[in-house]
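Taking it in order: structure first as structure tokens, then the write-up.
Chain identifiers are assigned alphabetically (A, B, ...) following the order of the sequence lines, protein sequences preceding nucleic acid strands; residue numbering begins at 1 within each chain.
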2 protein chains.
Amino acid sequence: MSDSQKFPVAAHALAYLAHKDAMSADRAVASGELAASMPTNPVVVRRVTAMLAKAGLIATRAGAGGGAWLLKNPQEIRLDTVLRAVNGCAHLGAPPPGVKGCPVGERIPDAVRAAITAADAAAAERLSLISVADLLVDPQAAGKAA
Amino acid sequence: MSDSQKFPVAAHALAYLAHKDAMSADRAVASGELAASMPTNPVVVRRVTAMLAKAGLIATRAGAGGGAWLLKNPQEIRLDTVLRAVNGCAHLGAPPPGVKGCPVGERIPDAVRAAITAADAAAAERLSLISVADLLVDPQAAGKAA
DNA sequence: AGAAACTGTATCGGTATCAGTTACGTATGG
DNA sequence: CCATACGTAACTGATACCGATACAGTTTCT
């Protein structure tokens, strides 16, 4: 999998909630409002917020006046957590299975897989340096965060 | 774009060429042989080797006895170069365009884009520590390379 | 109680991408 | 001349995604 917009949508939604100070049920933001700021469809937003809720980053409530709000401070929500919450990864592809019997054909896929895993971990580690709060201060802050 | 197998195929092909000591035209390896070691289709291999040739990593020659061979030593071919040669990237998705007029809705996409770019760069940097030669020594070497 | 707002989820259609295959023109070597 | 092999185009089937509609269940307000 992966040219998914889930991660960008999730990051945007969390930043929006942080900006709106949605830290409790009485300040919940509806999916329609979040969707309007992307812009995208409210259903797309709800598909993502449902995953974020399962990951414990936000809470949601149905019914009039319902919506989503943050369960943690924006400074404490790291983007690698967000990425994992929406099942995203820095997918570079999976190695082909390799061929039995050929000693080199058998081992290369494992080595390639190890390289991909290492790159994936490096991307996640970089994202762990960025918090949702960093997304609000200025467009360059996220890239500079260290 | 991007759950592509291009990067794994490219890495596998280069490692195979290195293993076969294909360092000159007279040791060229045909796409059929490369494909057989993945296994995949020869055309899939040629689509990738054509890109690697354009990037100057290998050379290819048509006709009987033709095929692909390396233009650089396996130790000198870094995996980030390979990834760029096949137009791959650690795709985490692209931010939605954002909404004009809303100050927060306008800036968040830029911040998200900066975060994604940073993660992508981190993945590439990690790959730059791994050479094609590292893929041959042992399956874990690639992950350990530093 | 009834209306209105909102979530979560199922489903469907349209679009895009990819792997694999076949086919063809071109180039190379015997 | 002919077999070999690359590069590329075209087609197919599979897969994934976004967006939209629909609906059941939940919550608030009057």
Side-chain angles (χ1 to χ4, degrees), chain A residues 1-10 12-13 17 22 24-36 38-55 57-69 85-89 91-97, chain B residues 1-10 12-13 17 22 24-36 38-55 57-69 85-89 91-97:
Chain A
M1 57 170 114
S2 193
D3 235 2
S4 179
Q5 301 287 94
K6 278 173 192 157
F7 174 69
V9 168
H12 190 118
L17 291 178
S24 54
D26 60 314
R27 297 188 64 86
V29 176
S31 64
E33 181 176 344
L34 288 169
M38 310 259 176
T40 185
N41 193 285
V43 174
V44 173
V45 171
R46 290 204 293 270
R47 285 201 273 243
V48 168
T49 52
M51 288 190 267
L52 295 176
K54 275 167 192 159
L57 298 179
I58 66 175
T60 60
R61 197 174 49 171
W69 65 94
V86 296
N87 279 324
C89 52
H91 248 315
L92 304 175
Chain B
M1 58 168 121
S2 206
D3 235 2
S4 180
Q5 301 287 94
K6 278 173 192 155
F7 174 69
V9 169
H12 190 118
L17 291 178
S24 56
D26 61 315
R27 298 190 62 87
V29 177
S31 64
E33 180 176 344
L34 288 169
M38 309 254 178
T40 185
N41 193 285
V43 174
V44 173
V45 170
R46 289 203 294 268
R47 285 201 273 244
V48 168
T49 53
M51 287 191 266
L52 295 176
K54 274 168 191 157
L57 299 179
I58 66 175
T60 59
R61 197 172 51 171
W69 65 93
V86 296
N87 280 323
C89 55
H91 246 313
L92 304 175

Legend entry - Qualifying salt bridge (charged side-chain N to carboxylate O under 4.0 Å, His left out) pairs with a residue from residues 60-69 of chain A, counting only residues at least two apart or across chains: none
Legend entry - Protein-nucleotide distance (B:L52, atom CG; D:dG7, atom P), rounded to Å: 10 Å
Inset, instruction - Ignoring backbone atoms, establish whether B:T40 has a side-chain N or O less than 4.0 Å from OP1 or OP2 of C:dG20. - result: yes
Inset, instruction - Using whole Å, report how far CG of B:L34 lies from P of D:dG7. - result: 11 Å
Legend entry - side-chain hydrogen bond (donor to acceptor under 3.5 Å, both in side chains) pairs, two or more places apart, involving residues 41-50 of chain B: B:S31-B:R46
Inset, instruction - Starting from the 5' end of DNA chain D, give me the residue, A:R47 or B:R47, whose nearest nucleotide shows up first. - result: B:R47
Legend entry - Below 4.0 Å: OP1/OP2 of D:dA5 and any side-chain N or O of B:S31: no
Inset, instruction - Locate the shortest heavy-atom distance separating A:A68 from A:L17; write the atom from each residue and the value. - result: O-CD2, 3.6 Å
Legend entry - Partner residues of B:A85 under the side chain to side chain contact (heavy atoms under 4.5 Å, CB included) criterion, sequence neighbours left out: B:L52, B:A55, B:L57
Legend entry - Reading 5' to 3' through nucleotides 23-30 of chain C, protein heavy-atom contacts under 4.0 Å coded B for base, S for sugar-phosphate only, - for none: B---BBS-
Legend entry - Nucleotide of D:dA10, C:dG8, D:dG19 approaching A:T49 most closely (side-chain heavy atoms): C:dG8
Inset, instruction - Give the rounded distance in Å between these two atoms: CE of A:M51 and P of C:dG8. - result: 11 Å
Legend entry - Along DNA chain D (nearest heavy atom to each residue), the more 5'-positioned of A:V44 and B:G67: B:G67
Legend entry - For atom CZ of B:F7 and atom P of C:dA19, their distance in whole Å: 14 Å
Legend entry - Phosphate OP1/OP2 of D:dA20 contacted by A:N41 side-chain N/O (<4.0 Å): yes
Legend entry - With sequence neighbours excluded, residues passing side chain to side chain contact (heavy atoms under 4.5 Å, CB included) with B:A64: none
Inset, instruction - Using a cut-off of strictly less than 4.0 Å, decide whether B:T60 has a side-chain nitrogen or oxygen near OP1 or OP2 of D:dG7. - result: yes
Legend entry - Spacing between A:M38 atom CE and D:dA20 atom P, to the nearest angstrom: 14 Å
Legend entry - B:V9: partners by side chain to side chain contact (heavy atoms under 4.5 Å, CB included), with sequence neighbours left out: B:Q5, B:M38, B:V48
Inset, instruction - For A:A28 and A:W69, work out which heavy atoms get closest and say how close. - result: CB-CE3, 3.7 Å
